[in-house]
There are 2 protein chains.
Amino acid sequence: MAARLKDIARDLNLSVVTISKVLRDHPDISTETRERVLKRMKELNYRPNLAARALVTGRSYIAGLVVPDLVHPFFGQVAKAISSVLRKKGYSLVLSSSEDDPELEQQEIDQLLARRVDVLIVASTQSTVETFRRLEEQKIPYVLIDRKFDELTANFVGVDDEAVGALATSHLVEVGCRRIAHIGGPKVSTAIGRADGFRLALRANRMSTPAEYVVMREHGDDAGDASGYEAMKRMLALKQKPDGVFCYNDPTAMGAMKAVLEASLRVPEDVAVVGCGNVAYADFLRVPLTSVDQQSDAIGDRTARLALGLLEGGAPAKAKMVLLEPKLVVRASTMRHKRAG
Amino acid sequence: MAARLKDIARDLNLSVVTISKVLRDHPDISTETRERVLKRMKELNYRPNLAARALVTGRSYIAGLVVPDLVHPFFGQVAKAISSVLRKKGYSLVLSSSEDDPELEQQEIDQLLARRVDVLIVASTQSTVETFRRLEEQKIPYVLIDRKFDELTANFVGVDDEAVGALATSHLVEVGCRRIAHIGGPKVSTAIGRADGFRLALRANRMSTPAEYVVMREHGDDAGDASGYEAMKRMLALKQKPDGVFCYNDPTAMGAMKAVLEASLRVPEDVAVVGCGNVAYADFLRVPLTSVDQQSDAIGDRTARLALGLLEGGAPAKAKMVLLEPKLVVRASTMRHKRAG
DNA sequence: TTGAAAGCGGTACCAA
DNA sequence: TTGGTACCGCTTTCAA
């Protein structure tokens, strides 16, 4: 159906090679021929078959991106930022969602490899590094984002999660919280790093926290996360309630806030709440939410640059680790008295 | 780098054809040969080059999806739903974002066509139908979603936007609003349809509305949409303030709510607010937002089925139009007295 | 400046 | 049951 080089060549009594050269702006083509060819291309609405081209050049000009959840605004933002950088260099971004399922992630990666993407970008949900070792064996360039693996010295771009936890927690200390809790996430590097940062900050402030004040959840990422709600509810039932809580992410924080308000307590006066992610609507919540920004645009931008470097840069170079500094955005959910110490 | 049929054939002293047959579960291969081949494939971590296959079969097994905004939860949800149906049939979904820019949309479509997608799914931001006429000429199957064109009898899946407007507006009437305003969207079918529904519902209730009560915005889709805020602010400055407002979408409604609250008025007592989209966090807003659900999952599901039908179904069939019924989700932002009439 | 031939990694068709 | 040959649409190399 679609026009091919061959069609144009036939119509113009030229060879396929000549047309191909015009297509790629090859210098040694007479202006006249070039004109004729371009004219005919336009008439036929010609589009080179990129699959065929990829087959011979060995470059698909596709970057594959696998994220755990397309609907999560963080990943959407990152994808948008990556795409806008890559597009300028002629690359397409093929997006896949793993739905936070390691097996599905594996399938999606296989699919992308079968399409011979030039580079793979993954926010992985795997618990082992096997997949990535195999990528290395096959010399397929890849960049991890958001979640990293200690066992792996791979290219990585993400926010410094320990800093996230420490930033949020010290802020709670600063606004006068004395019994600070943490509702954490599943067993991935982001959640673990943030929990570590939480503990570090407490120690730095010579504070400690009872075991019941730290909960690591299994799943849950929806707005008003049910497990954040449950976890908070349980903490509020303790004889010593916490007066501040740092939540793994914003949805969790929204769930926690709901629990606090339902218990007829006030945010931030009785319990101050900090989330992470800085979702666009944080300002419009029942109590505007203080949150640690994850720098999604910066992550996307750096990731895309790194990926391009892997593709264009000749030298293999060793794995590059980009750790971005998180930023705290203070809103009503932690605005109580200043420095109570 | 990656293994090819040829490599396996050489290693096993077989022909490429035989390996290819094993790959595709062709019946006439001896069990023994099959075993040997499969074993070697596993060892080499063989993955068929889909681009090469596409070249000869003429089918890429790729569906292309172009949306105006990846970060918008509605499109994210739709993409997820489409993808999950297509994946089961062996299709990959390649996602592009047009950033609400008609030119960029055109580029993305071209890019997808160059990759020879089997079918195109577009939530178009174009103002003319030229692009789609060309698709028809080239016999490339496509499905429009969300936004439609009157000039075009194309496959379409979306919610009934007139019904959206009517549903929201009658609800406002029912809860006792007497001066109902509408903050609409840009000049695309969704916004126009919802505004039409708004007018219809008013007429059906023998109500009318001053011109200042209807605003159609140009752009804006972020959480707490600035133009929703501005529009509402202006209306609140009128001598006769509206007592209810139907907003084009949820972000707009959030902006409008902000304006109402800042004016020291109450939602819903002074001004009731209805949005559209039913975002996941609607329940957690300063005032939980009544919203018309757009059925993103159903849209995705029906779209994917329709697309598959276009691909697998032999008969060309005539354009199919799927109009889904919207559903109202009532929350605090409109919970005032019942039927004041 | 132009083009013939070979080949990228597969599949289809038909013969052995 | 197995394989030879041609070919998908394009680029590369080298010769004319």
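To find a chain, count down the sequence lines: A is the first, B the second, and so on, and within it residues start at 1. Below, each value reflects all heavy atoms present in this structure, side chains not excepted, and no hydrogens, waters or symmetry copies.
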Without decimals, in angstroms, what is the distance between [X] [atom1] and [N] [atom2]?
{"X": "A:Asn13", "N": "C:dT2", "atom1": "CG", "atom2": "C1'", "answer": "13 Å"}
{"X": "A:Leu12", "N": "C:dT2", "atom1": "CG", "atom2": "C1'", "answer": "14 Å"}
{"X": "A:Asp28", "N": "C:dT2", "atom1": "CG", "atom2": "P", "answer": "8 Å"}
{"X": "B:Leu5", "N": "D:dC8", "atom1": "CG", "atom2": "P", "answer": "19 Å"}
{"X": "B:Leu23", "N": "C:dG10", "atom1": "CG", "atom2": "C1'", "answer": "9 Å"}
{"X": "A:Lys6", "N": "D:dC8", "atom1": "NZ", "atom2": "C1'", "answer": "8 Å"}
{"X": "B:Arg115", "N": "D:dC10", "atom1": "CZ", "atom2": "C1'", "answer": "14 Å"}
{"X": "A:Arg10", "N": "C:dG3", "atom1": "CZ", "atom2": "C1'", "answer": "17 Å"}

Selection [range] - residue pairs positive for ring pair (Phe, Tyr, Trp, His ring centres under 6.0 Å), sequence neighbours left out:
{"range": "residues 88-119 of chain B", "answer": "B:Tyr61-B:Tyr91"}
{"range": "residues 13-49 of chain A", "answer": "none"}
{"range": "residues 94-144 of chain A", "answer": "A:Phe132-A:Tyr142, A:Phe132-A:Phe149"}

- Message: So if I take the C1' atoms of five pairs at each end of the helix from C:dT1-D:dA16 to C:dA16-D:dT1 and get each local axis, what angle do the two axes make, rounded to 10 degrees?
- Response: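 Roughly 40° between the end axes, to the nearest 10°.
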
- Quick one: is A:Thr18 getting a side-chain N or O under 4.0 Å of the C:dT2 phosphate, OP1 or OP2? no

- Any side-chain N or O of B:Ser20 under 4.0 Å from OP1/OP2 of C:dT11?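 Checking C:dT11 against B:Ser20, a side-chain N or O does come within under 4.0 Å of OP1 or OP2.
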
- Message: Taking salt bridge (Lys or Arg N to Asp or Glu O under 4.0 Å) as the definition, give me every residue that meets it alongside B:Arg36, ordered by chain and number, with sequence neighbours left out.
- Response: none

- By salt bridge (Lys or Arg N to Asp or Glu O under 4.0 Å) - contacts of A:Arg87 (at least two apart): B:Glu108

What nitrogen or oxygen pairs link the protein and nucleotides 13-16 of chain D at under 3.5 Å?
none

- Message: Expected output is a numbered-order residue list: members of residues 33-62 of chain B with a heavy atom under 4.0 Å from any atom of DNA chain D. What is it?
- Response: B:Thr33, B:Leu55, B:Val56

Under the side chain to side chain contact (heavy atoms under 4.5 Å, CB included) test, residues paired with [X] that sit two or more places apart:
{"X": "B:Thr57", "result": "B:Arg53, B:Arg59"}
{"X": "A:Ala298", "result": "A:Gln295, A:Leu324"}
{"X": "A:Arg133", "result": "A:Val129, A:Glu136, A:Glu151, A:Leu152"}

Expected list for residues 75-83 of chain A: side-chain donor-acceptor pairs under 3.5 angstrom, two or more places apart:
| unit_1 | atom_1 | unit_2 | atom_2 | d |
| --- | --- | --- | --- | --- |
| A:Lys80 | NZ | B:Asp69 | OD1 | 3.4 |
| A:Lys80 | NZ | B:Glu99 | OE1 | 3.4 |

- Message: So B:Arg24, base contact, sugar-phosphate only, or nothing? Heavy-atom distance under 4.0 Å.
- Response: sugar-phosphate

- Item | B:Asp146 side chain near B:Val67 side chain, heavy-atom distance below 4.5 Å | no

- Quick one: OG on A:Ser15 to CD1 on A:Ile8, what's the gap to the nearest 0.5 Å?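 Reported to 0.5 Å precision, the distance equals 12.0 Å.
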
